[in-house]
Amino acid sequence: MKAGFYPKLAAEGIRKNMRLYLPYLLTGSVMVMMYYILSFLSESELLEELKGGSVLRILLPLGSGVIAIFSLIFIFYSNSFLLRKRSREFGLYNILGMDKGNLGRIMLWENLIVTAVSIVGGLLLGISLSKLAELGMLNLLNSEVDDSLRLDMASAGKTALLYAGIYLIILINSVIKVCRSSPLELWHSTNTGEKPPKVNWLPAVLGVLLLAVAYLIALSVRQPLDALYKFFIAVVLVILATYLCFISASVALCRLLQKNKRYYYQPNHFVSVSSMVYRMKRNGAGLASICILITMVLVMISSVFSLYTGAEDNLNTMYPSDIMLQCLIPQKKDFNEETAAQIRSFITEKVPEQKNVVEYGLGKAAGMFMENGFFSDESAHTQFGINTFKNAGDLQLLSLDDYNRIAGTDLTLEEDECLLFSQETGLIGETFSLEGVRTFRVKKAAPPPKALLGQTSISLVPSVLLVISDFDAVTALWSDGREAWEATPLRLYLTYNFDMDADVRTKTEVYERIRRELTTVIPKGENESYSYIFHSKDIERGEFYSLYGGLFFIGVLLSFVFLFAAVLIIYYKQISEGFEDQNRFEIMQKVGMTKKEIRKSINSQVLTVFFTPLLFAGLHLAFAFPVIWKLLQLFYLSNLRLMILVTVICFFIIGAFYTLVYKITSNAYFAIVIGRKA
């Protein structure tokens with residue numbers, strides 16, 4: 001044979017099957033483009049100049065790693081559709097005299113053409129759009145726009161090598177499959193239907209039970225750190241349960257519909273149900289994959305969008321003032337008005353123009369929350385296992401005088417009364433005990449202002465603010481008369497926060513000026529040590545938007561990839577089933593079924609099966625919401641209403657897009673099944 005015979009035959013095979021190969025080529029190109037863009041951004045020199053650039057150095061490679069793994073899985077999945085469709089053609093070549101070596105050469109050239117088109121096309125798209133992606137990232141991070149253009153040859157080379165390796169693996173797998181099949185098996189592969197599966201109730205029941213367990217785990221989450229490990233357990237259970245339910249329960253559903261004579265023996269239901277039951281195993285797996293991908297998109301896009309849109313609100317909650325100082329007072333004797341006046345005078349000297357000054361003393365202790373009480377133990381956060389971590393938390397003591405002054409109230413308390421504030425309502429009862437100190441009767445009050453809580457309003461562990469009338473007496477009982485305060489589980493802090501009418505540059509300069517000389521006024525402990533927490537909202541804003549903007553950027557890209565994958569699964573499902581159903585509908589048209597009735601039958605299949613993945617995805621999202629909410633609290637999200645609103649909007653947008661995609665692909669299915677009569 002001539003040297004150009006195999007390349008020509010391979011190119012002709014791709015051209016004749018362009019309806020199948022075009023999505024496959026598009027899949028590869030999009031994956032290559034996405035990987036190059038993330039690799040390009042992770043190597044960008046701009047990250048060195050950005051506030052929070054170190055966060056992106058971690059996030060961007062993680063995103064490119066996810067795309068690399070998903071590319072292997074999904075390109076492999078897409079190739080399986082092509083291989084099944086082309087098997088009949090390879091069988092014909094084999095019958096006409098080509099041996100397996102000849103078929104291997106054709107497949108080699110086809111793979112080379114697909115690899116070249118996908119990698120070159122993807123890199124061209126990636127290089128063309130990389131600057132746009134960089135500008136979008138800088139905009140999300142509230143950073144200055146950089147107009148320079150560059151081509152990252154290292155990222156391009158790494159991308160080309162990675163995807164050449166992926167397509168090589170796919171080629172080896174395809175050649176092995178074809179070589180192990182006989183000519184007759186290849187010839188009849190597209191006509192080989194599945195036997196009607198029997199209803200196997202064990203997997204169906206197991207799937208329902210696993211789903212119930214996963215939902216119960218999600219609903220049982222109480223703390224953010226508790227959600228961190230339970231989330232992955234629930235995800236695995238949901239994936240397994242979804243496949244079991246769609247594969248086994250869908251067979252049972254078809255059988256039940258067949259037994260319902262009023263439903264089944266109608267033209268628009270009979271054909272769709274009878275055809276589905278013969279391929280429910282593969283059909284169920286495809287629908288389960290669509291459901292999981294849609295769920296991933298919903299979870300990811302709603303999470304990152306909630307974080308990004310709530311970034312400023314979260315920043316203001318954590319840092320209610322422009323500049324915030326909290327000094328640890330190492331020894332009990334220094335916790336007094338004289339020390340507070342010294343700190344106040346120092347800051348006033350550096351910053352004469354202040355406003356909204358918030359000044360108070362605070363006691364902090366780490367320990368374990370028991371029933372209606374608190375046991376002081378600093379090792380609670382480190383020495384207890386993760387299963388008991390939900391009981392570990394932080395207690396904060398505040399005097400009633402400071403509370404009234406900051407909140408603008410005039411409340412009164414008896415010695416045995418307290419005000420108790422906590423996001424964990426289960427910690428608030430009729431009484432609250434400090435073990436070994438005193439038991440208080442809890443008096444109801446409105447929540448304290450944000451200016452009083454600051455970072456403690458968003459806590460990874462249970463946090464309680466306890467307001468008492470006799471602050472000195474309680475802390476004295478707690479310390480048990482020991483002079484070295486750092487030897488006790490309770491720490492005392494003096495807090496001084498204030499705002500400024502100035503631009504960001506001036507505020508930053510003030511912050512740096514105070515920070516350089518702060519140690520000269522902070523009381524030192526017996527070992528000459530000191531400790532303080534000092535924040536500038538404007539400096540923290542850069543870190544916030546780097547984290548949230550980076551997560552949003554990567555989340556949008558990954559959501560696009562997963563949504564693209566779901567669309568292609570829908571497309572391949574419709575096209576492959578269209579070719580399989582073509583003969584059936586041809587027979588039905590011969591016995592009098594009209595095109596209008598065929599369209600009704602197709603719509604019946606849509607309503608019966610195809611929207612089930614979207615409904616299941618919505619159900620998964622609803623039960624996963626408590627876990628997602630707790631996990632996002634690890635990123636300091638505090639606006640629950642915003643997250644609910646964003647999640648609902650995302651579901652309806654994805655649902656509308658899903659409906660549009662299916663409408664388009666169902667038209668392609670309809671065109672195929674009536675093609676011989678058109």
Quiz item: What closest approach, in Å, do Q326 and K364 show between heavy atoms, and which atom pair accounts for it?
Solution: OE1-NZ, 2.8 Å

Quiz item: Are there more than 12 heavy atoms of other residues, nucleotides or ligands under 6.0 Å from atom CG of D501?
Solution: no

Self-check item: Atom pair OG (S302) and CG (L632), whose distance is rounded to the nearest 0.5 Å
Solution: 8.0 Å

Quiz item: Is the F421-Y403 ring centre distance short of 6.0 angstrom?
Solution: yes

Practice problem: Would you confirm whether D313, through its side chain, and N316, through its main-chain N or O, come within 3.5 Å as a donor-acceptor pair? | Solution: no

Self-check item: Intermediate values then yes/no, side-chain contact (heavy atoms from CB on, under 4.5 Å), V357 and Y496
Solution: CA-CA 7 Å; V357 176; Y496 192 95; 3.7 Å; yes

Self-check item: Non-neighbouring partners of N404 that pass side-chain hydrogen bond (donor to acceptor under 3.5 Å, both in side chains), sequence neighbours left out
Solution: T409

Quiz item: When you measure from the side chain of S399 to the backbone N and O of D402, does any donor-acceptor pair fall under 3.5 Å?
Solution: yes

Quiz item: Looking at side-chain heavy atoms only, is the closest gap between R405 and D401 below 4.5 Å?
Solution: no

Practice problem: Return the set of residues passing ring pair (Phe, Tyr, Trp, His ring centres under 6.0 Å) with F534 (not counting sequence neighbours), or none when no residue passes. | Solution: Y511

Exercise. Apply salt bridge (Lys or Arg N to Asp or Glu O under 4.0 Å) to K350 and list each qualifying residue two or more places apart in sequence or on a separate chain.
Key: E517

Quiz prompt | Polar side-chain atom of S39 near backbone of Y35 as donor-acceptor pair, under 3.5 Å | solution = no

Quiz item: Between Y36 and L125, does a side-chain contact (heavy atoms from CB on, under 4.5 Å) hold up when you go through it step by step?
Solution: CA-CA 9 Å; Y36 171 80; L125 284 172; over 6 Å; no

Quiz item: Quick one: are T159 and F40 in side-chain contact, heavy atoms under 4.5 Å?
Solution: no

Self-check item: Validation row: D334, L492 side chains within 4.5 angstrom (heavy atoms)
Solution: no

Quiz item: Do L434 and L466 come within less than 4.5 Å of each other through their side chains, counting heavy atoms only?
Solution: yes

Self-check item: Closest contact, heavy atoms only, G363 versus F471
Solution: N-CZ, 4.0 Å

Quiz item: Looking at NZ of K537 and CD1 of I323, how far apart are the two atoms once the value is rounded to the nearest 0.5 Å?
Solution: 11.0 Å

Quiz item: Is there a side-chain contact (heavy atoms from CB on, under 4.5 Å) between L315 and Y319 once you walk through the steps?
Solution: CA-CA 6 Å; L315 180 70; Y319 306 101; 3.6 Å; yes

Self-check item: Under-4.0 Å salt bridge between R513 and E349
Solution: no

Quiz prompt | Backbone of P61 reached by a side-chain donor or acceptor of S64 within 3.5 Å | solution = yes

Quiz item: Do D416 and T439 come within less than 4.5 Å of each other through their side chains, counting heavy atoms only?
Solution: no

Quiz prompt | Flag if over 12 foreign heavy atoms under 6.0 Å of CZ, F305 | solution = no

Quiz prompt | Set of salt bridge (Lys or Arg N to Asp or Glu O under 4.0 Å) partners for D470, sequence neighbours left out | solution = none

Quiz item: Do Q354 and I347 have side-chain heavy atoms sitting under 4.5 Å apart?
Solution: yes

Quiz item: Step by step, would you call L219 with F623 a side-chain contact (heavy atoms from CB on, under 4.5 Å)?
Solution: CA-CA 7 Å; L219 294 176; F623 278 95; 3.9 Å; yes

Practice problem: Starting at CG of L419, measure out to CG of L398 and round the result to the nearest 0.5 Å. | Solution: 9.5 Å

Quiz item: If you look at every heavy atom in L325 and N497, which pair is closest and at what distance?
Solution: N-OD1, 3.2 Å

Quiz item: So, for L362 and Q396, which heavy atoms are closest and what is the spacing to 0.1 Å?
Solution: CD2-OE1, 3.4 Å

Quiz item: ring pair (Phe, Tyr, Trp, His ring centres under 6.0 Å) with F440: which residues, sequence neighbours excluded?
Solution: none

Quiz item: Can you tell me how far CD1 of I37 sits from CE of M34, rounded to the nearest 0.5 angstrom?
Solution: 6.5 Å

Quiz prompt | F553 and L557, any side-chain heavy atoms less than 4.5 Å apart | solution = yes

Quiz item: With sequence neighbours left out, what residues match Y493 under side-chain hydrogen bond (donor to acceptor under 3.5 Å, both in side chains)?
Solution: none

Quiz item: For T309, what residues pass the side-chain hydrogen bond (donor to acceptor under 3.5 Å, both in side chains) criterion, not counting sequence neighbours?
Solution: none

Practice problem: Output the distance between atom CD (E312) and atom OH (Y548), rounded to the nearest 0.5 Å. | Solution: 11.0 Å

Self-check item: No-hydrogen, no-angle side-chain donor-acceptor test under 3.5 Å, N314 and T317
Solution: no

Quiz item: Under the salt bridge (Lys or Arg N to Asp or Glu O under 4.0 Å) test, which residues partner R516, sequence neighbours left out?
Solution: none

Quiz prompt | Nearest atoms (heavy-atom pairs only) where L642 meets N639 | solution = N-OD1, 3.0 Å

Practice problem: Check side-chain hydrogen bond (donor to acceptor under 3.5 Å, both in side chains) between D499 and all other residues, then give those that pass, not counting sequence neighbours. | Solution: N356

Quiz item: Is E512 atom CD crowded by more than 12 heavy atoms from other residues, nucleotides or ligands, each under 6.0 Å away?
Solution: yes

Exercise. For F651, enumerate each residue passing the ring pair (Phe, Tyr, Trp, His ring centres under 6.0 Å) test, keeping only those at least two apart in sequence or located in another chain.
Key: none

Exercise. Can you see which heavy atom on P626 is nearest to which on A622, and at what distance?
Key: CD-O, 3.8 Å

Quiz item: With sequence neighbours left out, what residues match F562 under ring pair (Phe, Tyr, Trp, His ring centres under 6.0 Å)?
Solution: F70

Quiz prompt | Any donor-acceptor N/O pair, T647 side chain to M643 backbone, under 3.5 Å | solution = yes

Self-check item: Pairwise distance CG(L420) to CZ(F432) - rounded to 0.5 angstrom
Solution: 5.5 Å

Practice problem: Only counting residues at least two apart or in another chain, list the ones meeting salt bridge (Lys or Arg N to Asp or Glu O under 4.0 Å) with D410. | Solution: none

Exercise. Could you check if a side-chain atom of V467 sits within less than 4.5 angstrom of a side-chain atom of L411, using non-hydrogen atoms only?
Key: no

